[in-house]
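These notes concern the structure reproduced below.
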Amino acid sequence: MSDFKKIEKKWQKYWEENWAEMYGARDKGPKKYILNEFPYPSGSGLHIGHTFSFTGGDVYARFRRMKGDNVLFPMGWDAFGLPTENYAIKMKRKPQEVTAENTSMFKKQMKRLAFSFDWAREVNTTDPSYYKWTQWIFIKLFEKGLAFKREMPINWCPSCKIGLANEEVVDGKCERCGDPNVVKRNISQWVVKITDYADKLIEGLEGTDFVEKVKMAQINWIGKSEGARIRFKIKDLRFKNKALEVFTTRPDTLYGATFMVVAPEHDLVSEILNSKSEALNKSKISNNQIQNIKEYVEGARKKTDMERTELSKEKTGVFSGLYAINPVTEKEIPIWISDFVLASYGTGAIMAVPAHDQRDFDFAKKFGLPIIEVISNDQNPSTPNNNQLPNTNTQMGLKEAYTEVDNGISINSPLWNGLKPKEALVKAIEYIEKEGIGDKAYSYHLRDWIFSRQHYWGEPIPMIFCQHCCQKIKSQITNPNNQTIRNDQISNVSNKKLEKYAKEKGIDIKVLLNNPGWYPVPEEQLPVVLPEVEAYEPTDTGESPLSNMTNWVKTKCPICGGEAKRETDTMPNWAGSDWYFLAYCIAEKLKEKTPPSPPLTRGESSFDSKNVFTDIFSSSNKELKYWMPVDVYIGGDEHNTLHLLYSRFIYKFLYDLGVLTKEISEPYYKRISHGVILGPDGARMSKSRGNVIVPEVVADRYGVDVVRCYLMFMGPYDATMVWNEKTLMGVRRFLDKYFQFIQKQILDNKQNTNLSDSSRDVKVIINKMIDGVERDIENFKYNTALAKMMEGLNNLRNINVGLSIEEIKTLIKLLAPFAPYTTEELWDMFDKKEKSVHQSSWPEVDKSFLVDSQVTLPVSINGKRRYEIKMNRDDMSNEERVIQLAREESGFKKWTEGKNIERYIYVEGRMLNIVVI
RNA sequence: GCCGAGGUGGCGGAAUUGGUAUACGCGUAGGUCUCAAAAACCUAUGGUAGCAAUAUCAUGAGGGUUCGAUUCCCUCCCUCGGCACCA
């Protein structure tokens, strides 16, 4: 089609005029919610990766519509983010304006590429009517005690001037800019307790149809392990009543615990360093040792996470001067300090079993600590050591730790000698629970989610801080280490206003006491709109640019009415995408209360009615009930852990809050991950490499349909593929042939009014096409769906007979999801005008035409294909007839002569195997 | 190290899940058209032997189960993706 540009323009106009009727989701009928991850609208426009993944979604959406489903296929903009902010800073423009320009460019490009999105439901995370809800969700997290403010060391990127979540630091580098100098900084942060949902996030996966690798990625990320917490008494005057608690997955090795190690950040370390000198004199710790500890802890703090893990081979550490008591051997074991123990995992302290843990082993070797074997790899140890503890405490013969769990047998462990590790483990937990020295416990790799960002272009965190209230609460509760408030402390607090407030809002008073002085912005004042500031630059002090907006920051305390301040941090990028799949379902209601434009510069806004929140988020909301869950969620592998986990968490949180329908506890039913397209040189596309393929440019040269079909034909939808213009030319040839063939058929049909019925052969070809294409699309195997159409076309061209109108229509319909323009143009060539081909219904397969009239069947002897027989399809189901035909064939004699025929194995329609000896 | 996915022609990749291995496309060779080239179209195209029919070998390597294995089982090698001093 040389004039594809004209055709594209023509149909774009037509579709634009009939958009709602063609692609708008209705609210009844069997539903299909097909979702592509919404893009970040960057200034460089839609790239080929977007085009690839959206085409995949679009093909499926168009297919399901033709199958008669009520399809929701929405699109929106995840528009908060640093690139826009940086661009705005550089160009001295408002991020709002830049975003508006970018989204309109994206939208135009998407329309050209014929993506059948339902634009009536478009959402934008930077729209105040949208982020009002993002803020509302945060308030709910706060009220339920799942969001709290803590001063804590966070990862600070000196280039971005922003705090990063643990997840955003990859190999010690900033995930955004690649800066390797991410350091720890103590900053007061909002933290969201996603860890409370760790179990639910694992369990929920069972009900989903995610591919294995996605499930595994989620499970590994959460990293649940089973074991025990064990308390070791400390043998020292100052810590007489204290216990050092550890988490271990191997309580069965308790007898082999010959020393303990705490992380440099562990509380015990600061307690040692802060001890009064008299106490030190009483204990055995010398000033010299204190100095060593100080130096070591300082050194560890200065190291970045990267350095800590990189230097993993050589263990470092320092003796704390303290001893603990092993609760089963009752021996004194030394407590060491080392940075190979992570403060953020478990309890930040371990019991070291050098004989059966490689890291402990390395550490013991380096510092000459005792090693006791408690598991033998010998199934029948000759000296069972019944009920006797070994006297020798070093076994220097060992080369490495014996870490086997499935094999081996417990020794030197009087209470569970002779048991296999797994049995011993059960016994050990039983014992420590009975004796009150520990409990069965679980530990997770998943960390709590640091939710504050010190930037302008994000959702303002809707919280207010009152210094006055804070002082008052703090004067009544002593809480030096920012621990969670205990029940017994609450009784000390007398604050009528606070109690009343908590009762009214249904908030546990502990939540307010844990965050002294912090209150949510009253719901009727949402959204807290981003004010227009003069300068968007992030600051070195770690404060958000919003903090300079004194007018905006100043507000009233919702409790005492005194002067208070707004939170000036904004939310991380993930916040807006946590619930957007819900927003699409209720998009119309969200828009009912459109905020004034331009956004208010003051925080309080008045355009919201009080009850609109419960109105939208409620378990009886019909739209949510009807559309959820997302039936197919298409996205990139890079979001298989973070975004997927965060949004599942938020969904589950809202579910527990009771504002979502009870039947659906997971937001996404199926997750499809799309692949990646590499540049023609086989490398990842990047401007610096100059290997970027721009969809617009390719579409200008070959047409949109060629781009779409080529992308779908390149390979499996989830594969990594290399852009190859030669293959694209092959797809173009196919589309041209398809177009010409059908065009000719339509013309022939017009001239020739009394066409005879097409032959069975034609019907078989066409029905095989319908059957194959349908099955392949349903399984997202777009490459083979197109291959089947190519094959069908080749076959039809070889036969060279006239097709009926119905058959021609079928051929157009089959290609319609892939090539919307070409097929629409062909559809328009019939005399009788009909609606768009994209509103037609998918052809039905006539199963009686899936088999050729003449069947060629391979005959194999002992499983090796030797000759073939031809027969009518009616004979196919008659086994005796098939065998008879096989025996009549000359090949039979050749291959069976002089041999005994054991038996015949006939697989209907597939093959006949003759077993001979 | 752990978890996951893979390994099929010169290349991208098919194979109805145990039943004709290499569909479809690219590339290559030859041909048609042309003054010529491009485009388009036609034919051939896994290796080896043979004029040929045909035979034989071949799905990372080696074993096994089976009438029959790219597919299932065991051992090993390699590639890609995720996690990683996680106790």
Side-chain angles (χ1 to χ4, degrees), chain A residues 170-171 211-221 223-225 227 246-250 253 257 260-261 263 305 308-313 315 338-342 344-353 356-360 362-363 403 443-447 637-638 640-641 673 676 710 713-716 718-731 733-734 736-737 771-772 775-776 781 783-794 850 856-868 894 902-917:
Chain A
V170 177
D171 294 335
V211 289
E212 195 60 19
K213 77 168 170 183
V214 178
K215 282 190 184 181
M216 279 304 151
Q218 298 251 310
I219 289 170
N220 289 341
W221 191 266
K224 182 177 185 173
S225 43
V246 301
F247 173 77
T248 177
T249 53
R250 299 292 302 277
T253 61
M260 304 189 78
V261 189
D305 278 1
R308 278 203 191 184
T309 49
E310 251 188 7
L311 299 168
S312 64
K313 277 163 201 153
K315 295 273 183 290
S338 172
D339 64 5
F340 87 84
V341 172
L342 305 175
S344 49
Y345 183 74
T347 62
I350 60 156
M351 64 175 213
V353 185
H356 307 291
D357 181 286
Q358 194 55 43
R359 294 153 300 171
D360 300 350
D362 296 342
F363 195 83
T403 55
S443 191
Y444 303 88
H445 294 188
L446 185 69
R447 316 263 171 93
D637 282 342
E638 70 275 21
N640 281 347
T641 42
S673 39
V676 177
Y710 168 59
F713 184 68
M714 287 177 89
D718 59 357
T720 303
M721 293 160 296
V722 177
W723 182 268
N724 179 351
E725 203 108 341
K726 287 261 175 67
T727 307
L728 180 141
M729 294 305 289
V731 173
R733 271 194 284 274
F734 159 70
D736 281 347
K737 277 191 238 175
D771 187 52
R775 264 215 301 262
D776 284 345
K781 292 167 79 173
N783 55 334
T784 52
L786 279 163
K788 273 162 194 160
M789 278 188 263
M790 291 173 176
E791 198 180 352
L793 178 67
N794 291 343
L850 287 180
T856 307
L857 196 80
V859 177
S860 50
I861 311 293
N862 289 345
K864 205 155 222 172
R865 183 177 162 278
R866 290 306 181 188
Y867 64 98
E868 39 189 47
K894 180 180 170 190
E902 280 288 293
R903 59 173 163 142
Y904 296 91
I905 297 164
Y906 178 54
V907 184
E908 193 176 318
R910 294 255 167 260
M911 47 75 70
L912 173 72
N913 189 26
I914 305 173
V915 185
V916 300
I917 295 177

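Worth knowing before you read on, the calculation uses all heavy atoms, side chains too, and leaves out hydrogens, waters and symmetry mates. Lettering of chains follows the sequences in order, A, B, ..., and the numbering in each one begins at 1.
Distance alone, capped at 3.5 Å, places no donor-acceptor pair between the Tyr710(A) side chain and the Glu725(A) backbone. A donor-acceptor contact shorter than 3.5 Å links the side chain of Asn913(A) to the backbone of Gly863(A). Using a distance-only test at 3.5 Å, with no hydrogens or angles considered, no donor-acceptor pair links the side chain of Asp776(A) to the main chain of Asn783(A). Put simply, the side chain of Asp360(A) gets close to the backbone of Val353(A): a donor and an acceptor are under 3.5 Å apart.
Checking rC85(B), rG25(B), rC67(B) against every side-chain atom of Phe340(A), the shortest atom distance belongs to rC85(B). Picking from rG4(B), rA87(B), rA23(B) the nucleotide with the shortest atom distance to the side chain of Tyr345(A) gives rA87(B). With rA14(B), rA87(B), rC24(B) as the choices, the nucleotide that has an atom nearest any side-chain atom of Pro716(A) turns out to be rA14(B). Nearest to the side chain of Val341(A), among rA87(B), rC24(B), rC85(B), sits rA87(B). For Lys894(A), the side-chain atoms get nearest to rU54(B) when compared with the rest of rG25(B), rG13(B), rU54(B). Distance from the side chain of Asp339(A) is smallest to rC85(B) among rA87(B), rC85(B), rC83(B). Closest to the side chain of Arg903(A), from the set rG12(B), rG4(B), rC67(B), is rC67(B).
Using a 4.0 Å heavy-atom distance criterion, Asn783(A) is classed as a sugar-phosphate-only contact. Residue Asn640(A) is out of contact with every strand shown, counting any heavy-atom pair closer than 4.0 Å. Residue Met714(A) is classed as a sugar-phosphate contact, given heavy-atom separations below 4.0 Å to backbone atoms only. No contact: Tyr444(A) has no heavy atom under 4.0 Å from any strand. Lys737(A) comes within 4.0 angstrom of sugar-phosphate atoms only, judged by non-hydrogen atoms across all strands, and of no base. Among the heavy atoms of the strands lying under 4.0 Å from Ser225(A) are primed sugar atoms or P, OP1, OP2 only; no base atom is included. Across all strands, Lys788(A) comes closer than 4.0 Å to no nucleic acid atom at all (heavy-atom distances).
Atom name C1', nucleotides rU59(B) and rU54(B): the rounded distance is 24 Å, in whole Å. rU8(B) sits 7 Å from rU70(B) when the C1' atoms are compared, rounded to a whole Å. As rounded to the nearest Å, rA15(B) and rA69(B) have C1' atoms that lie 13 Å from one another. Of the C1' atoms belonging to rG10(B) and rG47(B), the separation is 13 Å, rounded to the nearest Å. For the C1' atoms, the distance linking rC80(B) with rC26(B) amounts to 24 Å, nearest Å. As rounded to the nearest Å, rG60(B) and rA55(B) have P atoms that lie 25 Å from one another. For the P atom pair drawn from rC24(B) and rC33(B), the interatomic distance equals 28 Å after rounding to whole Å. rU75(B) and rU65(B): their C1' atoms are spaced 15 Å apart (whole Å).
By the rule that a glycosidic angle within 90° of 0 means syn, rU32(B) does not qualify and counts as anti. In rG30(B) the O4'-C1'-N dihedral to the base is more than 90° from 0, which defines an anti nucleotide.
In this structure, Asp771(A) does not pair ionically with Lys788(A), as no charged nitrogen and carboxylate oxygen lie closer than 4.0 Å.
Phosphate proximity of rU56(B) to Arg866(A): present, with a side-chain N or O under 4.0 Å from OP1 or OP2. For rG13(B), neither phosphate oxygen OP1 nor OP2 lies less than 4.0 angstrom from any side-chain nitrogen or oxygen of Thr784(A). Under 4.0 angstrom from either OP1 or OP2 of rC26(B) there lies at least one side-chain N or O belonging to Arg733(A). OP1 or OP2 of rA15(B) lies within a sub-4.0 Å distance of a side-chain N or O belonging to Lys781(A). For Arg359(A) and rA87(B), the shortest distance from a side-chain N or O to OP1 or OP2 is not below 4.0 Å.
For Glu868(A) and Thr720(A), each mapped to the nucleotide of RNA chain B holding its nearest heavy atom, the one lying further toward the 5' end belongs to Thr720(A). Two residues, Ala787(A) and Pro858(A), neighbour RNA chain B, and the one matched to the more 5' nucleotide by heavy-atom proximity is Pro858(A).
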Verify side chain to side chain contact (heavy atoms under 4.5 Å, CB included) between Phe340(A) and Asp362(A), making sure each step is shown before the conclusion. CA-CA 11 Å; Phe340(A) 87 84; Asp362(A) 296 342; over 6 Å; no
List the steps and the verdict of side chain to side chain contact (heavy atoms under 4.5 Å, CB included) for Tyr867(A) and Lys894(A). CA-CA 10 Å; Tyr867(A) 64 98; Lys894(A) 180 180 170 190; over 6 Å; no
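Pairing each heavy atom of Ser225(A) with each of Tyr345(A), the nearest pair is OG-OH, 3.0 Å. Thr403(A) approaches His356(A) most closely through the heavy-atom pair CG2-O, 3.4 Å.
A cation-pi arrangement, defined by a distance under 6.0 Å to the six-membered ring centre and an angle within 45 degrees of its axis, is absent between Lys315(A) and Phe363(A).
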Dot-bracket for RNA chain B, 5' to 3', counting Watson-Crick or G-U wobble pairs under 3.5 Å, with [ ] for crossing pairs and | for inter-strand pairs? (((((((..(((......[....)))((((((.......))))))((((....))))..(((((..]....))))))))))))....
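Residues from residues 907-917 of chain A with heavy atoms under 4.0 angstrom of RNA chain B, sorted by number: Val907(A), Arg910(A), Met911(A), Asn913(A), Val915(A).
Looking at Leu786(A) and Met789(A), their side chains come closer than 4.5 Å, going by heavy atoms from C-beta outward. Counting heavy atoms from C-beta outward, Asn862(A) and Val915(A) have side chains that approach closer than 4.5 Å.
Donor-acceptor pairing under 3.5 Å, judged by distance alone, is present between the side chain of Lys315(A) and the base of rC85(B).
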